[in-house]
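Notes follow the structure.
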Amino acid sequence: MTKISNYDEFNYDYRKYWEGRDYEDKAEKIVLKRYLSNYKGKFFLDIGGSFGRNLPAYSFINETPIILDYSLETLRKNKESILAKHPGTRLIAANAYHIPLKGNSLDGSLMVRTLHHIEEQERLFEEIRRVTKNKGLFILEYANKLHLKARIKWLLKLEFENFSTRPYQQPTKGHFEGVKDGEQAIFLNYHPRNITKLLQKNEFKILKSTNCSFFRINFLKKALPFPVLIALEKIFQKLLSWTNIAPSIVLKCEKIGEKKNETFESFEDILCCPGCKGNLELSKAYAKCKNCEKIFKQEDGIWDFRI
Ligand SMILES: C[S@@+](CC[C@H](N)C(=O)[O-])C[C@H]1O[C@@H](n2cnc3c(N)ncnc32)[C@H](O)[C@@H]1O
Ligand SMILES: [Zn+2]
């Protein structure tokens with residue numbers, strides 16, 4: 001069975017992870033802002049969206065922003081603050097391998113800092129292809145296994161096998177995201193060629209690629225004032241993205257396809273059974289699959305479509 005990084009299994013507040021990480025947060029927001037500068041859409045999905053850190057980048061330019069996350073607790077805890085700042089956002093607890101949305105229903109989607117928790121990347125990309133409209137947007141951030149520090153370390157240790165295109169499992173020590181202490185976390189870094197291949201196979205054309213978070217090194221973050229770090233980050237993103245030496249890479253992709261897109265009116269119109277993809281019979285509190293008869297609950301405005 002595919003392992004899932006289940007943040008609900010223990011008391012891990014992901015919001016806390018961001019305390020003291022203003023530089024990384026800003027570095028990512030710079031790229032998102034640039035990628036979304038001329039964008040407007042209707043249904044936009046944040047896959048593994050958690051407490052909505054990235055909402056400011058996409059919420060006001062989309063009619064219906066949707067956060068999907070496996071952690072129902074995270075959605076529950078953050079619902080009020082999300083809706084206070086971004087009214088109209090829809091919240092779905094679901095497994096990204098089984099997205100409860102109809103085929104070709106999304107104008108765009110975003111997945112930041114989530115692919116490192118995904119054991120079966122091929123399956124996930126197939127699912128994202130299925131839900132994305134032709135010519136739809138997909139922004140993907142992933143952890144880059146070829147970042148400068150790793151390259152130097154592996155060369156010094158003569159660990160040449162690590163340069164292969166296979167995902168690299170980061171040592172669990174120090175990572176608590178989605179795992180209990182002492183357990184092996186799913187924490188994968190990827191080779192850019194591997195990601196390109198997976199995207200192309202799933203009909204996504206890469207329009208832009210940006211290296212991000214060049215200065216994710218503690219002594220630099222302490223030594224340089226924040227505005228200087230950010231100014232340098234902007235310059236490095238522009239000049240050095242071709243190198244793939246930064247720890248994080250952000251891609252802007254477009255789904256290729258000639259087929260005409262269907263029009264969906266409301267959020268309820270695009271929901272479907274996450275298992276068999278059948279149509280749903282919807283009421284305020286429940287959704288019943290007309291095909292496999294599975295029942296899903298909506299509580300306090302949050303759908304629970306986890307399977
Ligand atoms: C490191 S956090 C990133 C959150 C957010 N994207 C950000 O950049 O701030 C990863 C998130 O992915 C979610 N996640 C992990 N595996 C998932 C899966 N299979 N389906 C849905 N969400 C998943 C976790 O619950 C967690 O909230
Ligand atoms: Zn079903």
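Both ligands and their constituent atoms are indexed starting at 1 by order of listing. Quantities reported herein were computed from a predicted structural model and do not represent experimental measurements.
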Quick one: do [X] and [Y] make a salt bridge, cutoff under 4.0 Å?
X	Y	value
Glu28	Arg113	yes
Arg166	Glu161	no
Glu127	Lys277	yes

inquiry  = Distance to the ring centre below 6.0 angstrom and angle to the axis at most 45 degrees; does that hold for Arg216 and Phe214?
reply    = no
inquiry  = Tell me whether Arg53 forms a cation-pi arrangement with Trp18, defined as NZ or CZ under 6.0 Å from the six-membered ring centre and within 45 degrees of its axis.
reply    =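 Yes, a cation-pi geometry holds between Arg53 and Trp18.
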inquiry  = For atom 12 (O) of ligand 1, tell me which residue out of Leu124, Thr114, Ile118 has the closest non-hydrogen atom.
reply    = Thr114
query = Which angle, to 10 degrees, forms at the Zn ion (ligand 2) with SG of Cys292 on one side and SG of Cys273 on the other?
reply = 110°
task = To the nearest 10 degrees, calculate the angle at the Zn ion (ligand 2) involving SG of Cys289 and SG of Cys276.
result = 90°
For ligand 1, note which part of [X] has a heavy atom under 4.0 Å away: side chain, backbone, both or neither.
X	value
Tyr7	side chain
Asn54	side chain
Tyr14	side chain

query = Does the N or O separation between Asn95 and ligand 1 drop below 3.5 Å for any pair?
reply =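 N/O-N/O distance under 3.5 Å: yes.
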query = Is any N or O atom of Arg53, backbone or side chain, closer than 3.5 Å to an N or O atom of ligand 1?
reply = yes
query = Relative to each other, are the rings of Phe296 and Phe305 parallel, tilted or perpendicular (30° and 60° limits)?
reply = tilted
query = With a 4.0 Å cut-off on heavy atoms, does Asp69 reach ligand 1?
reply = yes
